[in-house]
Protein chains: 2
Amino acid sequence: MFELDLRSRSPVYEQLVEKFKELIINNVMKPDEQLPAVRVLAGELTVNPNTIQKAYRELEHRGYIYSVPGKGSFVRPAVPGNNAAKLRTLEEELSRIVSEMLYLGSTPQEIITRIKTQLAKGEGGKLDD
Amino acid sequence: MFELDLRSRSPVYEQLVEKFKELIINNVMKPDEQLPAVRVLAGELTVNPNTIQKAYRELEHRGYIYSVPGKGSFVRPAVPGNNAAKLRTLEEELSRIVSEMLYLGSTPQEIITRIKTQLAKGEGGKLDD
DNA sequence: TTAACTGTACTATATATGTTAGTACAGTTA
DNA sequence: TAACTGTACTAACATATATAGTACAGTTAA
C-alpha cells in the first residue's frame, strides 16, 4: 500500500497515521471505505500488528476513521464545523512555514503563485469530486 | 527567555530548537547576536546543561547558529542560495497544510487572503529591517 | 598569572517511548 | 462451524530523552 522508513526518527505508527491522513484528506480513500485489516497490513508491511493497531487507534482518536469490532476500520466522513481549533493550529503552522520560506529567500510573489496554483488544481479539497 | 512544556511529547531539546529557530527566522535575534550561555539558560529554565547543549548542537547542525569554544554561541547570518532542498521540503509542507485546511472547510479565498495579509505585514522576512 | 567565564566531551543512571512476540476474547459473516 | 474482524493484555527488548557529575581546553578581564 505504501512505504515505511524504518530508520526514520519518526515512529512507524506515526508514519502510518500521516500516510492514511494524507489519503483521506486528499480523497484518495473515500468516506466509509474500509482500511486494510490490522493483521493483513501488518503482514504486508512486515510490521507487528500491535503497531498497526496503535496507528488505527490514533487515527480514530483524531477523527479520521472509525472502527467496528468484528467488521473493520473505515474512513470517517468529514464533518463540517467543530474544526475551529484545528484550523487555528493549521494557520499557525502556515505562518511558520511562510516565514521560513521568506527567510530562505523565497519572494512573496513566488509563495502566492505557488498556493494559487495548488488551489486552482483543486488539490486536497472535495473540488475534484 | 521563554517557556517549556515538560509534559509535551516533544522533547525539551526539540522545543528549544524550535523556539530559537523562530526567534532567528523572525529576526528577533539578529545575526551574530549571542545566545545565552549553556549553563545560564540551563539555570533559568531549570533544565540540565546537557539538554541545552544538545539543542545548541542541533541548531548548529541545522545552520542557524555557530559556536566558538571559550566565547559563546551566536546567530548565524542567513546565507542566500543552497536552500533549494529546504525550500522543496517547505513547499511540500505548505501543500499538505493547505490541503488539510480545505478538508476542514476553509475556502480558497480565505487561505489566499490570510497569506497575503501575512506577507503584507512583512512577517518573518527581512522586510522589516 | 589567576579567576571566571565560554563550549565541549564523557560516563553512568533513570525513565519514557516504540516495537516485537505471543496469547486471548468477543463480534461478524459466509 | 470456520475464518475473518477489532481489541486487550503481559512480557521483553531497544532506543531516545533527561539528569547528574566530572573534566578539559579556549577566552577574557582583573
Side-chain angles (χ1 to χ4, degrees), chain A residues 1-21 23-24 29 31-77, chain B residues 1-21 24 29 31-76:
Chain A
M1 195 153 194
F2 34 56
E3 297 166 5
L4 291 178
D5 181 4
L6 297 179
R7 292 170 306 174
S8 169
R9 24 348 187 200
S10 172
V12 171
Y13 85 93
E14 193 66 42
Q15 291 181 48
L16 287 168
V17 168
E18 289 307 314
K19 299 276 189 186
F20 277 111
K21 189 176 150 186
L23 294 176
I24 294 169
M29 294 201 72
D32 296 310
E33 180 174 343
Q34 184 166 8
L35 277 70
V38 170
R39 294 171 182 80
V40 172
L41 188 55
E44 286 178 3
L45 300 178
T46 331
V47 163
N48 195 281
N50 293 330
T51 304
I52 307 291
Q53 203 217 333
K54 185 168 187 179
Y56 282 14
R57 193 190 312 142
E58 190 60 28
L59 281 164
E60 184 163 20
H61 182 257
R62 298 191 196 175
Y64 293 102
I65 71 172
Y66 62 93
S67 296
V68 184
K71 300 193 71 176
S73 299
F74 308 87
V75 175
R76 157 167 284 158
Chain B
M1 192 151 195
F2 35 56
E3 299 165 5
L4 289 177
D5 180 4
L6 297 179
R7 294 170 305 178
S8 169
R9 36 307 178 237
S10 172
V12 171
Y13 85 91
E14 192 66 41
Q15 292 181 48
L16 287 167
V17 168
E18 290 307 315
K19 299 275 189 187
F20 277 112
K21 188 175 148 185
I24 294 169
M29 295 201 71
D32 296 312
E33 180 176 344
Q34 184 166 7
L35 277 70
V38 170
R39 294 171 182 81
V40 172
L41 188 55
E44 288 179 2
L45 299 179
T46 330
V47 162
N48 195 280
N50 292 329
T51 304
I52 306 292
Q53 201 215 335
K54 185 169 185 178
Y56 281 15
R57 192 191 311 141
E58 190 62 27
L59 281 163
E60 184 163 20
H61 182 256
R62 297 190 196 175
Y64 292 102
I65 70 172
Y66 62 93
S67 296
V68 184
K71 300 193 71 175
S73 299
F74 308 87
V75 175
R76 158 167 282 159

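The basis for the numbers below is simple: all heavy atoms, side chains too, and nothing from hydrogens, waters or symmetry mates. Note on naming: letters A, B, ... go to the chains in the order of the sequence lines (proteins, then strands), and numbering restarts at 1 for each one.
- Applying the Watson-Crick and G-U wobble criteria (two distances, each under 3.5 Å), D:dA30 pairs with C:dT1.
- A straight line from CD1 of B:I65 to C1' of C:dT6 spans 13 Å, rounded to a whole angstrom.
- Summarising the geometry, the separation between CD on A:E60 and C1' on D:dG6 is reported as 10 Å, rounded to the nearest angstrom.
- Candidate nucleotides D:dT17, C:dG22, D:dT7 were compared by shortest atom distance to the side chain of B:K54, and D:dT17 ranks first.
- Between B:R7 atom CZ and C:dA16 atom C1' the separation is 16 Å, expressed in whole Å.
- An OP1 or OP2 oxygen of D:dG26 is reached within less than 4.0 angstrom by no side-chain nitrogen or oxygen of B:K71.
- Considering all non-hydrogen atoms of both residues, A:A42 and A:N48 come closest at CB-C, 4.1 Å.
- Counting only heavy atoms from C-beta on, A:Q53 has its side chain closest to D:dT7 among D:dG6, C:dG7, D:dT7.
- D:dT5 atom P lies 11 Å from atom CG of A:L41, rounded to whole Å.
- Residue A:S73 is the one, among A:S73 and B:S10, whose nearest nucleotide of DNA chain D lies closer to the 5' end (criterion: closest heavy atom).
- At whole-Å resolution of the value, CD in A:E58 and P in C:dT19 are 13 Å apart.
- With C:dT8, C:dG18, D:dT17 as the candidates, the nucleotide lying closest to the side chain of A:Y13 is C:dG18.
- Counting any heavy atom pair closer than 4.0 Å across all strands shown, A:E14 reaches no nucleic acid atom.
- Among the heavy atoms of the strands lying under 4.0 Å from A:R39 is at least one base atom, whether or not backbone atoms are also near.
- Remark: C:dA26 base-pairs with D:dT5. Criterion, Watson-Crick or G-U wobble with two distances under 3.5 Å.
- Base pairing analysis places C:dT13 opposite D:dA18; the two distances defining the Watson-Crick or G-U wobble pair are each below 3.5 Å.
- Of the residues A:H61, A:E60, A:Q53, the one that meets the side chain to side chain contact (heavy atoms under 4.5 Å, CB included) test with A:R57 is A:Q53.
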Between B:Y56 and B:L35, does a side chain to side chain contact (heavy atoms under 4.5 Å, CB included) hold up when you go through it step by step? CA-CA 9 Å; B:Y56 281 15; B:L35 277 70; 3.7 Å; yes
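- With respect to B:R62 and B:E58, a salt bridge is recorded, a charged nitrogen being found less than 4.0 Å from a carboxylate O.
- In the set C:dT20, C:dG18, C:dG7, the nucleotide with an atom closest to the side chain of A:P11 is C:dG18.
- The residue among A:P49 and A:G70 whose nearest nucleotide of DNA chain C lies closer to the 5′ end is A:P49.
- Map A:V12 and A:P69 each onto its nearest nucleotide of DNA chain C; the residue landing nearer the 5' end is A:V12.
- Of the residues near DNA chain D, A:R57 and A:A37, the one whose nearest nucleotide (by heavy atom distance) lies more toward the 5' end is A:A37.
- Under the 3.5 Å distance criterion, the side-chain polar atoms of A:Q34 are matched with a main-chain donor or acceptor of A:K71.
- Atom pair A:F74:CZ and C:dT28:C1' shows a separation of 10 Å (rounding to whole Å applied).
- One atom, CG of B:N50, and another, P of D:dC24, lie 17 Å apart when rounded to the nearest Å.
- Looking at heavy-atom distances under 4.0 Å, A:Q34 makes no contact with the nucleic acid at all.
- Looking at the side chain of A:T51, the nearest of the listed nucleotides D:dG6, D:dT7, C:dT19 is C:dT19.
- One finds the CD atom of A:E18 at 9.5 Å from the CD atom of A:Q15 (value rounded to the nearest 0.5 Å).
- Rounded to an integer number of Å, the gap from B:R9 CZ to D:dA18 P is 13 Å.
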